[in-house]
Engineer: 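Pasting a structure below so you can have a look.
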Amino acid sequence: MTAMITRRPLSVPDDALALLHQKLALAHLPDELDSARGDYGVPLADVRRLVARWRDGFDWRAAERRINDLPQFTRDVEVEGYGALNVHYVHQRSGVEGAVPLLFVHGWPGHFLEVRKLLPLLTAASPEHPSFHVVALSLPGFGFSEGPKKKGFKSKQYAEVANKLMTSLGYEHYVIQGGDWGHYIAGYTATHYAHTNVRGWLSNYTHALPPRLLSSPWLYFLDLVTPYTAREKEGLRRSREFQARGSGYSQEQATQPQTLGYSLADSPVGLLAWIYEKLVSWSDDYAWEDDEVLEWVSIYWFSRAGPAASLRIYLENTDRLEKRAVEDIKWTSIPLGYSIFPKELNQAPKTWLRTLGNVVFYSLHDSGGHFAAHERPEVLADDIRKMFGRGGPAFGVVPGKNGYA
Amino acid sequence: MAPIVTDSEQPFTLSVPQSDLDFLKKKLELVRFPDELDDAGWNYGVPLSDMRRLVTHWKDKFDWRAAEADINLLPMFTRDVTVDNFGTLNIHYVHQRSEVPNAIPLLFVHGWPGHFLEARKLLSYLSAASPDHPSFHVVAPDLPGFGFSEAPTKRGFAAHQYAEVLNKLMLALGYEEYVYQGGDWGHAIGRHIATIYGHKHLKAWHSNLPIPTKPTLFAHPLAFLRDLLPYSRTTREGLRATAEYRATGMGYLAEQSTKPQTIGYLIADSPVGLLAWIYEKLVEWSDSYPWTDDEVLEWVSIYWFSRAGPAASLRIYYEMAGGSGRLEKGAAKGAKWTSVPLGLSYFPRELFHLPKWWAPTLGKVVYAEEHDEGGHFAAYEQPGALAEDLRRMFGRRGPAYGVVPGKNGYASIGSRREAVNSQ
């Protein structure tokens with residue numbers, strides 16, 4: 001079936017690059033209030049500097065060449081009701097034959113490149129820790145995957161794509177690591193394919209809802225009687241703050257993604273501001289370099305389906321805010337682990353996290369934010385190794401592939 | 001009394017530099033559209049076919065200079081108004097005098113995404129003279145940061161400041177006592193003007209977007225008791241529609257009240273993005289108003305060519321919420337119940353439909369009218385109906401007749417002689 005699989009080096013057409021530069025040359029910036037700092041949104045000085053760099057200094061072709069050092073492919077994945085979607089992914093095998101197959105799932109405004117720093121760590125062979133075969137896809141509508149053309153592409157469909165990709169690569173059984181939408185999609189994939197295919201998952205996005213009496217009576221009871229730790233209280237405070245002051249973007253994306261999409265498709269400056277705000281405010285003192293930011297945003301600008309397509313996941317998976325995305329994750333008994341970073345946006349207490357699965361692993365960290373794979377790759381890799389390695393709570397979940405030579 | 005023209009008042013002629021027009025065209029020529037899901041309709045936002053059509057029209061057909069010339073037929077001015085701690089702001093306004101000297105001075109206040117032109121159709125209705133209805137001198141400014149008014153450059157320009165700048169504008173025009181009509185932000189600002197300048201300067205006001213609160217036992221016992229009775233189907237339907245709007249219709253507001261600068265970059269750099277952002281509201285918030293492409297593009301062009309740029313217009317959301325992100329509470333903070341006579345108009349496609357007996361929590365309601373058609377942009381969609389409401393409220397048999405001493409809105413027998421003598 002090699003005909004379906006294409007080795008896919010990234011190559012943005014010249015005219016797309018030219019259009020970007022024409023637009024940047026016409027950049028039209030707003031003013032800013034005195035002493036606005038970061039309180040009203042991205043500071044003007046940052047946007048000015050980044051736009052100038054994007055226009056005059058940032059070398060996309062060089063970035064592209066470096067991205068093409070990664071083993072990227074595309075293949076058609078059939079999705080019931082949606083036809084075949086051409087899915088882009090990185091597939092890095094370990095030298096260890098019995099490495100654990102691991103699917104890495106990004107979120108918004110993330111993309112497949114978030115796996116970049118993890119790859120050498122996860123695929124490295126050592127008697128001290130397990131090794132992984134890593135698959136990192138561009139979600140449908142993101143990066144270099146096709147987007148669905150029809151309405152209603154929701155949790156079940158994302159799970160189907162994830163599972164079919166892994167099984168078509170010969171990974172009948174695998175584990176998942178995800179944050180942001182990757183957390184939800186890992187949960188959806190577990191919901192639909194636990195045991196038969198998915199054997200365990202590790203999330204770095206600690207979002208869950210309080211246990212409900214009827215669906216999780218034991219956890220409901222525990223939640224009532226167990227005092228929250230200081231850390232959990234702080235996590236709840238951060239969550240409330242995020243919901244009150246940091247989630248305007250998600251309300252818009254979940255209700256009017258097309259309207260917002262016109263700006264993001266037409267204005268590289270707007271796209272830059274929209275994404276950069278999150279890169280900075282969601283990370284923990286991460287020292288973003290301008291070229292790093294511009295490479296990141298360029299992926300969105302040059303994405304196959306366009307930046308507007310990436311917003312639709314918010315509307316689809318919340319039914320236009322009629323429900324919470326997390327509601328489509330049903331408890332399963334496969335091992336679930338959490339890597340918990342203090343500057344994450346939503347931090348639910350343990351009793352809530354346990355509603356999503358059979359939690360066997362918690363790892364609490366003292367630093368790090370939302371983009372864990374990018375900010376703290378060694379720490380996240382370490383958690384993955386601890387959970388799935390010898391002596392870990394999910395050791396050997398994938399039959400015949402325990403991660404060791 | 002003729003308006004006092006102080007030193008800083010200047011007649012205003014709108015004249016967008018040709019270079020700005022050329023720049024807009026260059027931007028539109030480079031447009032990059034997103035794709036769209038099959039059969040998306042309006043369920044994901046503005047439909048792509050509408051956008052393609054409007055952008056092409058804006059680029060190739062829409063005649064801004066013709067629109068500008070029409071706008072310049074309005075009696076427009078600018079003047080400097082000083083706001084405590086914010087310095088001087090140059091405010092743009094329409095000032096339409098009635099031929100009736102004792103016409104009632106009326107301040108019309110727009111909201112977002114509105115501007116001074118929302119008053120356009122009302123002007124002739126309100127300033128018309130007749131023995132059968134009162135007449136008004138109409139002042140329709142651009143709020144600071146909107147249209148052709150300057151924007152504040154410092155943080156914290158909020159309810160108190162909006163009230164101050166508007167009250168000072170009326171005083172500077174020689175209107176010591178005046179009445180008021182507003183919707184959208186005009187409603188919230190009206191509450192604050194009533195609180196701070198009620199009775200002394202503001203003699204009565206009218207809102208077409210009443211957002212009352214639930215009555216409490218001690219403050220409004222009768223309304224409270226009424227509230228205990230089962231709600232009618234109409235009331236429940238209204239509350240349901242309001243809840244749905246609050247849950248799913250306020251994405252723009254959540255962003256604008258927390259990160260106005262961020263969303264500002266999008267609409268400042270992309271006229272296409274700005275068009276979508278505003279057009280969505282023009283359509284979704286009006287009652288099937290048959291917008292022509294030229295109408296929409298003129299409306300959005302005001303934002304694109306605005307003096308402070310479109311991003312500045314969003315800051316009112318942040319400031320009125322006090323940066324807390326909680327706008328409804330923030331916008332009402334400091335507004336008090338007053339006995340300044342208040343009139344309300346209820347239009348069926350407005351965004352909020354709270355029980356009518358809650359209205360007394362806003363002020364001393366002396367007039368209320370319900371309509372069969374019309375939406376959020378009442379002055380633009382239903383100018384005749386809104387004008388009729390104001391005439392009834394302030395007319396000879398109306399509950400607010402004569403609130404402005406000496407200016408009942410009617411030509412009196414001696415008035416021409418008075419007018420001559422006063423010059």
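Per chain, numbering begins at 1; letters A, B, ... match sequence-line order.
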Engineer: Of the options A/Glu316, A/Arg312, A/Arg320, which is the one that meets B/Tyr44 in a side-chain hydrogen bond (donor to acceptor under 3.5 Å, both in side chains)?
Structural biologist: A/Glu316
Engineer: Quick check on the interface: out of A/Pro268, A/Ala27, A/Gly306, who has the most heavy-atom pairs with chain B under 4.5 Å?
Structural biologist: A/Ala27
Engineer: Chain B heavy atoms under 4.5 Å from A/Val269: which part of the residue, side chain, backbone, both or neither?
Structural biologist: both
Engineer: Do A/Lys23 and B/Arg32 have side-chain heavy atoms sitting under 4.5 Å apart?
Structural biologist: yes
Engineer: Side chain, backbone, both or neither: which part of A/Leu315 has a heavy atom under 4.5 Å from chain B?
Structural biologist: side chain
Engineer: Where does B/Glu280 contact chain A at under 4.5 Å (heavy atoms): side chain, backbone, both or neither?
Structural biologist: side chain
Engineer: Of the non-hydrogen atoms in A/Asp31 and B/Gln261, which two are nearest, and what is the gap between them?
Structural biologist: O-NE2, 3.0 Å
Engineer: So what's closer than 4.5 Å to chain B heavy atoms on A/Ala36: side chain, backbone, both or neither?
Structural biologist: backbone
Engineer: Side-chain contact test, heavy atoms from C-beta onward, threshold under 4.5 Å: evaluate it for A/Asp39 versus B/Tyr318 and give yes or no.
Structural biologist: yes
Engineer: Please work out which of the three classes, parallel, tilted or perpendicular, describes the rings of A/Tyr262 and B/Phe33, given edges at 30° and 60°.
Structural biologist: perpendicular
Engineer: Answer with side chain, backbone, both or neither: which region of A/Ala305 has an atom nearer than 4.5 Å to a non-hydrogen atom of chain B?
Structural biologist: backbone
Engineer: Measuring heavy-atom distances to chain A, does B/Arg155 have an atom under 4.5 Å in its side chain, in its backbone, in both, or in neither?
Structural biologist: both
